[in-house]
Amino acid sequence: MDASGKVVPFSFKRRDTGVDDVTIKVQYCGMCHTDLHLINNDWGITMYPLVPGHEITGVVTRVGTNVSGFRPGDRVGVGCIAASCLDCDHCRRSEENYCDKVTLTYNGIFWDGSVTYGGYSDMLVAHKRFLVRIPDSLPLDAAAPLLCAGITVYSPMKQHGMLLGEAGRSLGVVGLGGLGHVAVKFGKAFGLRVTVISTSPAKEREARESLKANDFVLSTDQKQMQAMARSLDYVIDTVSAQHSLGPILELLKVNGKLVLVAAPDKPVELPSFPLIFGKRTVSGSMTGGMKETQEMMDLCGKHNITCDIELVSTDRINEALARLARNDVRYRFVVDIAGKGSRL
């Protein structure tokens, strides 16, 4: 696509399969809010023409001579990262997402100087380090968004001890969308008491009945918010629109932790009093490293955790993007790249 904001067919050539590369026939690609931001150049960094998509699942068709961990026919996934320096402290700890030279799966600059193109395409060539195996128990379509939405919430939950299964711990999830619904599923799988915090009263039934959340709080209702004051150990904020963190911080217990995982195009409001008087911590987190991503995917296979998706044919990508901009999806669009009648 170009600066018009409309996705149209585009022909380009992938690099040849190198000695450390794996070539994949793309089956499915999730549609992330980041795709919208970059399509619209909201962050001022888009390089057109743009081929979005970093929630990619498919089947290996070819491997390079130095590749021993994958073979043709394997079910694999590619997330947000295409390359990193492989040599810094972060890379050695498999925190490739924090490498100063990280290259994103699309709209990045690869080692050879070429611009990276994402998963809205029929095939992909990836370095062996930046692939994960998809467990046989997970369908490739519903597993695709785990490669961004899943790891984006899993990584901070692990880092802050939310997945230790400690009795009586409570988690608040702000926003019930692509990231939020996966955070609820992880929280429930690990025994947390989960509260969904939303501006939309229509989402209460979904939160309680479909996702089995323990509580629901309408963030625009001051009485409901006050009733939940100092009740949560952790909060994951998945909202990609500008908002104030003050009312959310008041829901945390003393020493509570709030983690931001979304990227609003305007700064969020962070008042100091709720921080000071509650000894609370605010931090951020961006996706996850490759070791952690594989760990997350294996855990999802074990607990049968997938994303709730709506499958989209390739000729309806623009319609789906327009709906995504209105938050009209439950909870993640996935493009059926290899489906019957695909235009790719």
Side-chain angles (χ1 to χ4, degrees), residues 30-33 36 142 145-146 149-150 152-154 156-157 162-163 167-253 256-262 264 268-269 274 280 300 303-311 320 322-334:
M31 192 175 283
C32 177
H33 237 98
L36 269 181
L146 294 172
T152 295
V153 296
Y154 176 83
M157 291 179 81
M162 302 182 205
L163 305 180
R169 292 288 185 173
S170 55
L171 167 68
V173 178
V174 185
L176 192 59
L179 276 69
H181 90 287
V182 184
V184 173
K185 291 187 177 188
F186 282 142
K188 295 298 294 182
F190 285 89
L192 294 171
R193 183 176 183 86
V194 179
T195 297
V196 171
I197 303 152
S198 175
T199 60
S200 173
K203 292 193 174 180
E204 180 170 7
R205 183 174 179 180
E206 301 169 28
R208 292 185 184 275
E209 296 183 8
S210 300
L211 297 172
K212 309 303 181 186
N214 301 92
D215 294 298
F216 180 90
V217 176
L218 191 63
S219 58
T220 55
D221 187 318
Q222 190 173 1
K223 288 185 178 179
Q224 289 188 31
M225 293 290 282
Q226 288 176 344
M228 289 293 295
R230 292 197 171 195
S231 66
L232 303 174
D233 295 288
Y234 318 104
V235 170
I236 291 185
D237 188 337
T238 71
V239 174
S240 58
Q242 184 185 28
H243 58 291
S244 175
L245 301 183
I248 299 168
L249 284 167
E250 297 286 8
L251 302 180
L252 286 168
K253 298 175 182 177
K257 297 176 176 64
L258 167 62
V259 184
L260 302 177
V261 294
V268 295
E269 181 183 330
R280 300 171 176 114
C300 288
H303 292 274
N304 195 31
I305 296 173
T306 58
C307 296
D308 295 354
I309 66 167
E310 182 176 335
L311 210 56
R323 286 180 55 194
L324 179 61
R326 301 192 300 268
N327 293 317
D328 179 21
V329 56
R330 299 292 183 271
Y331 289 96
R332 202 71 153 186
F333 286 121
V334 173

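- Side-chain contact check for His181 versus Thr238: every heavy-atom pair is 4.5 Å or farther apart.
- Residues Arg332 and Leu179 share a closest heavy-atom pair of NH1-CD1, 3.9 Å.
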Worked check of side chain to side chain contact (heavy atoms under 4.5 Å, CB included) between Met31 and Val329: CA-CA 11 Å; Met31 192 175 283; Val329 56; over 6 Å; no
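- Val239 places none of its side-chain heavy atoms less than 4.5 Å from the side chain of Pro264.
- The OG atom of Ser198 lies 6.5 Å from the CG atom of Leu176; values are rounded to the nearest 0.5 Å.
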Candidate pair Lys185 and Leu211, rule side chain to side chain contact (heavy atoms under 4.5 Å, CB included), full reasoning: CA-CA 7 Å; Lys185 291 187 177 188; Leu211 297 172; 3.8 Å; yes
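- Taking the six-membered ring where the residue is Trp, His303 and Phe190 present tilted rings, their angle falling between 30° and 60°.
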Test log, rule side chain to side chain contact (heavy atoms under 4.5 Å, CB included), inputs Tyr234 and Val259: CA-CA 8 Å; Tyr234 318 104; Val259 184; over 6 Å; no
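- Tyr154 has its side chain within reach of Leu163: a pair of non-hydrogen atoms, C-beta onward, lies under 4.5 Å apart.
- Note that CG of Leu260 is 5.5 Å distant from CG of Leu245, once rounded to the nearest 0.5 Å.
- The two atoms that bring Ala149 and Gly178 nearest to each other are CB-O, 3.8 Å, heavy atoms only.
- Side-chain contact between Pro145 and Phe333 is absent, with no heavy atoms from C-beta onward closer than 4.5 Å.
- Residues satisfying the side chain to side chain contact (heavy atoms under 4.5 Å, CB included) test with Arg205, not counting sequence neighbours, are Glu209.
- Taken from CD in Glu269 to NE2 in His243, the straight-line distance is 10.5 Å, to the nearest 0.5 Å.
- Nearest heavy-atom pair across Ser231 and Ser170 is O-OG, 3.0 Å.
- The salt bridge (Lys or Arg N to Asp or Glu O under 4.0 Å) check on Lys212 picks up nothing, with sequence neighbours excluded.
- When all heavy atoms of Val235 and Leu252 are compared, the closest pair comes out as CG2-CD2, 3.7 Å.
- Not counting sequence neighbours, the partners of Ser219 by the side chain to side chain contact (heavy atoms under 4.5 Å, CB included) test are Ile197, Thr199, Met225.
- Distance CE/Met228 to CG/Leu251: 6.5 Å, rounded to 0.5 Å.
- A distance of 10.0 Å separates CZ of Arg326 from CG of Leu324, quoted to the nearest 0.5 Å.
- Considering only heavy atoms from C-beta on, Arg280 stays 4.5 Å or farther from Leu258 through its side chain.
- Between Lys203 and Val196 the shortest side-chain heavy-atom distance does not fall below 4.5 Å.
- The heavy-atom pair separating Phe216 from Arg208 by the smallest distance is N-NH2, 3.4 Å.
- Side-chain atoms of Asn214 come within 3.5 Å of backbone atoms of Val194 as a donor-acceptor pair (strictly under, hydrogens ignored).
- Nearest heavy atoms, Pro156 versus Met162: O-CE, 4.1 Å.
- With rounding to the nearest 0.5 angstrom, the CD atom of Gln224 is 10.5 Å from the CG atom of Asp215.
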